[in-house]
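Please read the structure below before turning to the comments.
By convention in this document, chain letters (A, B, ...) are assigned in the order of the sequence lines, proteins followed by strands, and residues within each chain are numbered from 1. The structure displayed is predicted, hence computed values, not measured ones.
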2 protein chains.
Amino acid sequence: MPERSTIYEVARQSGVSTATVSRVMGNGTGFSEATRTRVLAAAAELDWFPSGTARGLASRRNGIIGLLFPDLGSSDDLEVESPLYVDQVIRGAESAATADGDAVLIAATRGASGRALALAVASKCDGLVVVARALNESDLATLAQRVPVVVLSDQVGRRTNVDAVGVDNRSGLRGLVAHLTSVHGYTDLAFVGGPADSPDSIERFAAFRQGVAAAGLHAPRAPDADGGFTEGGGARAVADLLDRRSDQGRTPPRAIVCGNDEMAVGALGVLSSQHLHVPGDVAVTGFDDLAIARHVRPSLTTVAQPIREIGAEAVRAVVARLADGAAQRRSVVLPTRVVLRSSCGCTHGHGHRETAAGDEQQTSRAGSRA
Amino acid sequence: MPERSTIYEVARQSGVSTATVSRVMGNGTGFSEATRTRVLAAAAELDWFPSGTARGLASRRNGIIGLLFPDLGSSDDLEVESPLYVDQVIRGAESAATADGDAVLIAATRGASGRALALAVASKCDGLVVVARALNESDLATLAQRVPVVVLSDQVGRRTNVDAVGVDNRSGLRGLVAHLTSVHGYTDLAFVGGPADSPDSIERFAAFRQGVAAAGLHAPRAPDADGGFTEGGGARAVADLLDRRSDQGRTPPRAIVCGNDEMAVGALGVLSSQHLHVPGDVAVTGFDDLAIARHVRPSLTTVAQPIREIGAEAVRAVVARLADGAAQRRSVVLPTRVVLRSSCGCTHGHGHRETAAGDEQQTSRAGSRA
DNA sequence: TTGTAGGCGTTATCAT
DNA sequence: ATGATAACGCCTACAA
């Protein structure tokens with residue numbers, strides 16, 4: 001690395017002050033066209049461009065939005081590929097950030113070192129998006145009084161008094177359960193949830209109970225949960241569920257509602273290996289509507305949520321807060337939508353690219369609200 | 001936001017100099033335990049932690065590694081979900097970066113604004129990882145003389161004299177073609193490539209030709225390419241290929257080798273809708289070994305490449321360069337591996353989670369090299 | 001072990 | 001339209 005040149009060299013080389021160079025490089029105005037040309041020429045010649053770091057210090061604006069997410073990866077192959085959800089959030093955040101002229105700084109909070117990492121990231125950002133479970137609520141609050149923070153869970157946001165972006169888990173899942181009970185007439189439903197500390201999973205289970213109860217059926221008190229929102233997790237949970245039922249001399253549930261698509265895929269695998277036909281013997285549903293839901297056989301009935309949009313909306317919220325400052329807590333709840341395919345028992349075209357529902361399509365919408 | 005306090009307040013509050021506060025906050029040593037306690041207490045009380053930006057300016061180390069990737073998204077749903085490759089690279093980069101104590105700043109270079117965005121990002125980072133096609137080679141060179149850069153393509157790295165991380169596309173694809181020709185005896189193979197400017201796609205096609213020629217068969221001069229490494233792109237390319245063949249009064253190829261898994265999935269869809277059986281009528285293969293390759297039916301024979309590892313290795317390379325400084329260009333080539341499943345015509349267990357090959361498994365390895 | 005003081009590379013304020 | 005010149009918040013010799 002040759003000695004990096006600074007704004008001083010450029011100023012001298014172009015015969016103006018550093019202030020003027022700064023003006024030319026910034027979006028600002030306040031210089032003649034001739035000056036602009038000379039400065040740019042000098043910059044090009046010296047192969048210089050302004051230091052984002054110095055610029056950030058001086059202007060109190062780094063052009064960086066941080067994104068903290070929980071590290072769900074492990075060494076197990078099946079688990080590792082799992083966090084497609086986070087990948088989508090990252091994509092959405094990136095795109096909204098770029099639209100606003102800043103970049104996204106990502107970091108996974110691994111276990112105990114979470115707080116330190118979070119501080120390190122926060123200290124470089126103008127604002128922060130925090131995926132649910134990436135941070136405990138106390139640390140969340142700490143960060144929130146330093147930079148604008150938006151948490152990806154309406155629930156958590158409410159508790160910590162932090163801006164939030166979430167989805168309407170309840171409507172989605174209730175719609176799904178209503179479909180299973182009313183249209184297909186299933187009466188023995190089981191819920192296989194994700195991590196017990198996932199706000200989304202908790203909300204989905206609550207909605208599941210409501211839906212089941214609303215249909216006049218017996219609602220289980222706790223989900224058949226497992227450690228992860230993963231294919232492996234789903235497989236293990238369903239295997240356990242089946243074992244337990246078998247030990248009790250009971251038959252498998254008529255329908256298994258899973259916490260997300262990946263778990264549902266795991267469920268499909270276990271059921272298939274136990275020679276239980278889906279949806280003939282057991283119906284299965286997911287949540288998320290990832291690409292895999294279309295590709296797996298039978299194709300997966302699920303609840304779609306706009307994951308990329310969640311990430312994008314969160315960044316927009318941070319940016320808005322950056323501009324606004326005061327104003328009371330804001331919360332955005334994005335809509336979900338039931339997507340009917342084959343795994344619930346619906347039958348329709350099985351073309352490779354059939355998409356979504358038909359008659360029974362359900363849509364639940366909720367706008368943003370204060 | 002209440003007035004943020006600075007190192008000065010903390011110094012005063014704890015009765016030491018700012019230098020000492022700095023020492024306590026940095027990993028450094030050079031202070032008594034008692035001092036440390038007092039400083040930490042003051043920091044906690046004032047609810048202060050050091051500004052990463054200021055720290056970066058002063059220490060010339062931001063703790064940020066940049067990651068530039070091409071924006072392959074579009075508004076088309078099928079295309080949008082596509083860049084699973086990049087998602088994996090991001091994950092790998094993040095994990096290696098965190099291990100080294102820094103975070104990853106990501107940005108997608110969209111079209112013409114690419115250069116400006118790249119400079120903005122580079123000006124905030126200690127080093128940069130650039131995914132192939134994210135930047136033209138000229139801009140790549142510009143950045144490389146400012147911060148350490150590692151490009152994700154051995155080919156590009158060689159041309160621009162920049163450190164690189166790549167995979168052994170050739171061995172993988174040659175192994176695949178050898179399998180198709182020798183084991184299955186296919187003689188009419190077609191190649192459906194990705195974007196014409198993708199170094200990976202180019203290399204894979206070159207290897208395809210070699211492999212076909214080595215089997216004494218006629219090698220096409222150009223791939224049946226399409227705009228994107230996407231499911232939609234694969235579908236369109238294969239549909240075109242089939243149409244063209246049909247117009248010429250020819251039968252479909254006996255095997256279609258696709259540029260990546262997503263294109264292969266698109267191929268599967270088109271073939272199915274045209275009532276061509278895979279692998280009975282036409283064999284199909286992919287590249288990458290994404291999760292979807294296991295889930296799609298028939299399961300996809302493909303070439304595995306360690307995508308996450310690519311991202312991780314790239315970050316390690318820039319970190320190494322950060323420490324080293326001089327030293328000549330380095331290039332790491334990661335191994336690929338043929339993974340045999342059903343879509344090539346191999347038959348074996350169809351359990352939902354069957355993984356990879358059996359007898360015919362091929363492995364090609366290549367260590368790192370100067 | 002601790003303090004002093006001079007940067008780090010820009011931006012922003014106030015003049016001119 | 002342009003120039004001085006303080007910040008910006010911290011690190012790091014150099015001294016003590």
Side-chain angles (χ1 to χ4, degrees), chain A residues 1-40 42-43 46-64 101 119-120 122-126 146-147, chain B residues 1 3-40 42-43 46-64 119-120 122-126 146-147:
Chain A
M1 310 281 129
E3 279 313 315
R4 293 208 346 34
S5 43
T6 72
I7 197 174
Y8 289 105
E9 280 82 72
V10 178
R12 183 177 324 123
Q13 169 103 214
S14 51
V16 300
S17 70
T18 61
T20 294
V21 175
S22 176
R23 291 187 186 101
V24 171
M25 298 310 292
N27 11 289
T29 57
F31 46 82
S32 69
E33 184 54 30
T35 302
R36 185 186 119 91
T37 308
R38 292 199 346 264
V39 169
L40 257 26
L46 291 173
D47 198 58
W48 169 89
F49 55 94
S51 153
T53 311
R55 209 196 266 247
L57 218 210
S59 68
R60 296 112 181 296
R61 232 298 196 175
N62 288 301
I64 299 181
L119 293 186
S123 76
K124 302 172 179 118
C125 298
D126 299 320
R146 241 262 192 151
V147 296
Chain B
M1 308 285 131
E3 280 312 317
R4 292 208 346 30
S5 42
T6 72
I7 197 173
Y8 290 104
E9 280 81 73
V10 177
R12 183 176 324 121
Q13 169 107 211
S14 52
V16 300
S17 70
T18 62
T20 295
V21 174
S22 176
R23 292 189 186 101
V24 171
M25 298 311 292
N27 11 288
T29 57
F31 46 81
S32 67
E33 183 55 29
T35 303
R36 185 186 120 91
T37 308
R38 296 210 330 273
V39 170
L40 257 26
L46 292 172
D47 199 57
W48 169 89
F49 55 93
S51 152
T53 312
R55 212 197 266 248
L57 219 211
S59 68
R60 296 102 185 297
R61 232 298 197 174
N62 288 303
I64 299 181
L119 292 186
S123 77
K124 298 169 182 129
C125 298
D126 299 320
R146 243 259 192 152
V147 295

Exercise. Show the numbers, then the answer: is there a side-chain contact (heavy atoms from CB on, under 4.5 Å) between B/Ile64 and A/Ile64?
Key: CA-CA 11 Å; B/Ile64 299 181; A/Ile64 299 181; 4.2 Å; yes
Quiz item: Can you give one letter per nucleotide of nucleotides 6-16 of chain D, going 5' to 3': B for a protein heavy atom under 4.0 Å from the base, S for sugar-phosphate only, - for none?
Solution: --BBBSBB---
Quiz item: Which residues satisfy the side-chain hydrogen bond (donor to acceptor under 3.5 Å, both in side chains) test with A/Glu9, sequence neighbours excluded?
Solution: A/Thr6
Exercise. Using side-chain hydrogen bond (donor to acceptor under 3.5 Å, both in side chains) as the criterion, list what pairs up with A/Ser59, not counting sequence neighbours.
Key: none
Self-check item: Sidechain-backbone polar pair: A/Asn62 side chain, A/Asp126 backbone, donor-acceptor under 3.5 Å
Solution: no
Practice problem: Under 4.0 Å between any heavy atoms, over every strand shown, what does A/Thr29 touch: base, sugar-phosphate, or nothing? Just pick one. | Solution: nothing
Practice problem: Assess whether side-chain contact (heavy atoms from CB on, under 4.5 Å) is satisfied between A/Ile7 and A/Trp48, documenting all intermediate values. | Solution: CA-CA 8 Å; A/Ile7 197 174; A/Trp48 169 89; 4.0 Å; yes
Quiz prompt | Pairwise salt bridge (Lys or Arg N to Asp or Glu O under 4.0 Å) hits with a residue in residues 29-40 of chain B, at least two apart | solution = B/Glu33-B/Arg36
Exercise. Kindly say whether A/Val39 contributes a backbone atom to a donor-acceptor pair with the side chain of A/Ser14 at under 3.5 angstrom?
Key: no
Self-check item: chain B footprint on DNA chain C, 5' to 3' - any atom under 4.0 Å from a heavy atom
Solution: C/dT1 to C/dG9
Exercise. Mind jotting down which residue pairs meet the salt bridge (Lys or Arg N to Asp or Glu O under 4.0 Å) criterion with at least one end in residues 47-59 of chain A? Sequence neighbours excluded, please.
Key: none
